[in-house]
Colleague: 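So that we are looking at the same thing, I have put the structure below in structure tokens.
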Amino acid sequence: MSTPILEVSDLKTHFFTRAGVVKAVDGVSFSVGAGEIVGLVGESGSGKSVTGFSLMGLVDPPGRIVSGSVKLDGEELIGLSWDQLRALRGARIAMVFQDPMATLNPVLTIGTQMRLAISAHDKTSRRAADARAAEVLTRVGIPEAQSRLGSYPHEFSGGMRQRVAIAIALLHGSQVLVADEPTTALDVSIQAQILTEMRDLAAETGTALVWISHDLATVSTLASRLLVMYAGRIVEQGPVASVLRDPRHPYTAGLLRSLPATAEPGQDLFQIPGTTPSLLDPPPGCPFRPRCAHASDMCAADPPLETSGERGVRCFHPLRETVNA
Amino acid sequence: MSGFIIQRLLQAIVVMAVMSVIVFAGIYSIGNPLEILIPPEATQDVRERTIARFGLDRPVVEQYFYYIRNLLQGDLGRSYIYNEPVLQLISGRLPATIELVLVSVLGALFIGVPLGMLAGYRPDALSSRIIMAVSILGFSVPTFWVGLILILTFAVELGWLPSGGRGDTAELLGTAWSFLTLNGWSHLALPAINLALFKLAIMIRLARAGTREVMLGDTVKFARAAGLSEWTIMSRHVLKLISIPIVTVFGLELGSTLAFAVVTETIFSWPGVGKLIIDSIKNLDRPVMMAYLMLTAGLFVTINLIVDLVYALLDPRLRKGGAA
Ligand SMILES: Nc1ncnc2c1ncn2[C@@H]1O[C@H](COP(=O)(O)OP(=O)(O)OP(=O)(O)O)[C@@H](O)[C@H]1O
Ligand code: SF4
Ligand SMILES: [Mg+2]
């Protein structure tokens, strides 16, 4: 990995609800190199989005970052004021969300929305802003960008809308882009197109990508490194090829076995038994324990993160042999 | 867009035609104006001539078509009581009502929307709770009671403001207006506040509900992720997103207040249309009642039409659908 542009250590984000404390992110550590693409995968509710919002300083109440550190290019973000963070958001660290129909404002033109995003950080003339907007739109693959600045979001297709959202996030050449399932709402062919474009774009601009998805297969085609998240923690991390070939955590192994590509034709898909645990006042010990075939009495304690080389795993009984030949 | 306008215009004409029948039938059935028109000591000859002069001896259907024929020629009839053309009578009183209503409805809009947005932005803050308390008060206290309290407090007890009338006026476009003079404003203040309170409560409610909903959505979160300031997000994104229900209610309130400012006008002796109508009902002055109700219906139809057009301007998604 190259020099880290983003370093997250022991990040904890909890929601203080009436029913109790939801430990959505509970001790997450990882780092991302400049220009690197990292995939953050995990089942629904594992805390991926909350991790993303925490990086941006955009956790909604009753949620709060309780402890930990987020360093962007060496600068600590936790503890910065709203205004200091605002100056960073969209300029040095940016984010796109799943549903572009909901993120873009339906009653403002694309041009207006892009101008607002530009003037959030740079005071430029309207003409210069338009030129910049058109240039970035062209870069994300929108034809005749100049003439489309006056269009409204509903005049674009789903894929084009997401490209517009990505363009807005990239207006200021952020060092890090957090992409929270940006292709999940799109159909498969568009999804593949955007993935390829994003990879090229990241390489071209040197933007590091944190690509959030619950779909291990898609992420694997894009990312160089994988972070597997379960119940608010990263349970396994490492280079994509290495993790796919040789998963150490029983949860990762289960995820891999449940991919359609690994099943024999005609055979039922494998499913990890049980359901995602509630993050509301979780019991101590390994959160995967109720669903794990390898659990022992030891697992009643919290497994620490064991690292060796580029691999890391949070399990007392990591798998040794290769599961998928 | 033009297809949409034509369609809405045709609808408006049908509505007006139906209204005219209902209104005519209604007014015909509430009482015979003869007792008021003709002094009891009048001779049989005078009686008959009067009845014939007003066309009251004709069958009701014939009276209706006679009325409509005149209406289409711009003749709304003459008041039985004032013996003046109704149109002249109403238009003489209209500026007073328009000015009172505009001041109160616009005041409610420009004060209520920012307050509501503030309350929706920080729903738990003390300031938001105070704003909501004011709006609950505005909803639950009857207009006439507030009017009396205002007069008692500011006119009688404190003596700061006059309790009635229009005060000094100045000419603009050939009409006298109070809002052009300082003294006029002092007369305008109490009735305008009285009339505005309920509308203010509605505007606060609407803006707050809309803001709360929009604030939780991804549009605001994405704008924040792009580094927009909270002020820009509120003034550019949120205001535009919540404006559609606000425009609707603004239009309807404008219409209903123009038509029904009666209570406030009566309490503050404001010489507007409302007072004229109360008198015309007391006197069974059919042409005035009829004209007033028809104008009111026309007003609502027009406002609805304008609101629909403004929608299309505010929401780009409606423009295509409307033309289809
Ligand atoms: N505002 C909130 N109040 C309470 N709990 C919350 C709130 N937002 C998120 N959570 C909890 O945080 C946990 C993680 O949610 P998050 O949205 O990060 O999951 P995710 O991994 O992104 O899932 P998905 O794939 O469905 O998007 C969930 O258990 C959720 O219930
Ligand atoms: S720590 Fe124990 S329960 Fe948890 S994944 Fe490893 S073996 Fe399973
Ligand atoms: Mg999510």
Side-chain angles (χ1 to χ4, degrees), chain A residues 49 52-53 55-62 82-110 112-122 150-155 164-172 174 177-178 180, chain B residues 1 113 117 119-125 128 206-207 210-248 307-324:
Chain A
S49 297
F53 293 138
L55 301 182
M56 302 292 297
L58 284 177
V59 180
D60 285 325
W82 178 270
D83 240 24
Q84 289 168 315
L85 279 169
R86 188 200 67 71
L88 297 179
R89 290 196 281 255
R92 291 177 54 201
I93 179 165
M95 187 163 177
V96 282
F97 306 142
Q98 178 170 335
D99 179 5
M101 200 60 220
T103 51
L104 296 176
N105 189 332
V107 295
L108 295 180
T109 63
I110 298 304
T112 305
Q113 299 187 54
M114 295 191 82
R115 274 195 293 276
L116 289 175
I118 289 172
S119 61
H121 301 290
D122 293 326
S151 305
Y152 289 91
H154 73 275
E155 298 173 71
V164 171
I166 291 169
I168 289 177
L170 290 178
L171 273 170
H172 297 278
S174 284
L177 174 62
V178 181
D180 189 357
Chain B
M1 193 83 184
V113 171
M117 287 177 76
Y121 181 70
R122 293 207 188 292
D124 296 322
S128 306
L206 274 177
T211 304
R212 284 195 73 165
E213 194 185 318
V214 171
M215 290 311 289
L216 295 176
D218 274 355
T219 301
V220 166
K221 205 153 197 178
F222 185 62
R224 282 178 172 159
L228 269 63
S229 69
E230 297 297 283
W231 170 254
T232 311
I233 290 175
M234 294 306 282
S235 61
R236 300 298 304 274
H237 282 284
V238 178
L239 183 61
K240 195 92 193 269
L241 283 169
I242 65 171
S243 57
I244 287 179
I246 291 177
V247 166
T248 316
V307 165
D308 282 345
L309 294 180
V310 174
Y311 272 3
L313 287 180
L314 285 175
D315 191 338
R317 288 165 297 185
L318 291 180
R319 269 172 236 164
K320 274 193 194 145

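Just so it is clear: chains get the letters A, B, ... in the order the sequence lines come, proteins before strands, and each one is counted from 1. Scope of the values below: all heavy atoms of this structure, side chains included, with no hydrogens, waters or symmetry mates.
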Colleague: For a 4.5 angstrom cut-off between non-hydrogen side-chain atoms, does A:Pro106 reach B:Leu241?
Modeller: yes

Colleague: Taking the side chain as every heavy atom from C-beta outward, state whether A:Leu116 and B:Thr232 have any atom pair closer than 4.5 Å.
Modeller: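 In short, these two side chains touch, coming nearer than 4.5 Å.
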
Colleague: What part of A:Leu58 gets within 4.5 angstrom of chain B, counting heavy atoms only: side chain, backbone, both, or neither?
Modeller: both

Colleague: Between A:Arg89 (side chain) and B:Arg224 (backbone), is there a donor-acceptor pair under 3.5 Å?
Modeller: yes

Colleague: I need the A:Asp60 CG to B:Leu216 CG distance, nearest 0.5 Å.
Modeller: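 Rounded to the nearest 0.5 Å, the CG-CG separation comes to 7.5 Å.
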
Colleague: Name the region of A:Thr112, side chain, backbone, both or neither, that has any atom closer than 4.5 Å to a heavy atom of chain B.
Modeller: side chain

Colleague: I need the residue from B:Lys221, B:His237, B:Arg236 with the largest number of non-hydrogen atom pairs under 4.5 Å to chain A.
Modeller: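 Counting heavy-atom pairs under 4.5 Å, the top option is B:Lys221.
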
Colleague: Going from CG on A:Leu108 to OG1 on B:Thr219, what distance comes out if it is rounded to the nearest 0.5 angstrom?
Modeller: 9.5 Å

Colleague: Please rank A:Ala91, A:Ala165, A:Ala169 by heavy-atom pairs under 4.5 Å with chain B and give me the top one.
Modeller: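 If we count pairs closer than 4.5 Å to chain B, A:Ala165 comes out on top.
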
Colleague: Can you say whether A:Gln113 sits under 4.5 Å from chain B via the side chain, the backbone, both, or neither, judging by heavy atoms?
Modeller: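 Answer is side chain: those atoms of A:Gln113 sit under 4.5 Å from chain B.
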
Colleague: Side chain, backbone, both or neither: which part of A:Met95 has a heavy atom under 4.5 Å from chain B?
Modeller: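 Answer is both: backbone and side chain atoms of A:Met95 are under 4.5 Å from chain B.
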
Colleague: So does A:Gln84 have more than 12 non-hydrogen atoms from other groups sitting under 6.0 Å from CD?
Modeller: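 For A:Gln84, atom CD is crowded (more than 12 foreign heavy atoms under 6.0 Å).
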
Colleague: Which atoms of A:Val178 are under 4.5 Å from chain B, going by heavy atoms: the side chain, the backbone, both sets, or neither?
Modeller: neither

Colleague: Once rounded to the nearest 0.5 Å, what's the spacing between atom CD1 of B:Ile233 and atom CG of A:Asn105?
Modeller: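 The CD1 atom of B:Ile233 sits 11.0 Å away from the CG atom of A:Asn105.
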
Colleague: About how many Å separate CG of B:Asp218 and CG of A:Leu104, when rounded to the nearest 0.5 Å?
Modeller: 10.5 Å

Colleague: Report yes or no: does B:Lys240 contribute a side-chain atom to a donor-acceptor pair with the main-chain N or O of A:Val107 at less than 3.5 Å?
Modeller: yes

Colleague: When heavy-atom pairs shorter than 4.5 Å are enumerated against chain B, which of A:Ala120, A:Ser119, A:Ala94 gives the highest number?
Modeller: A:Ala120

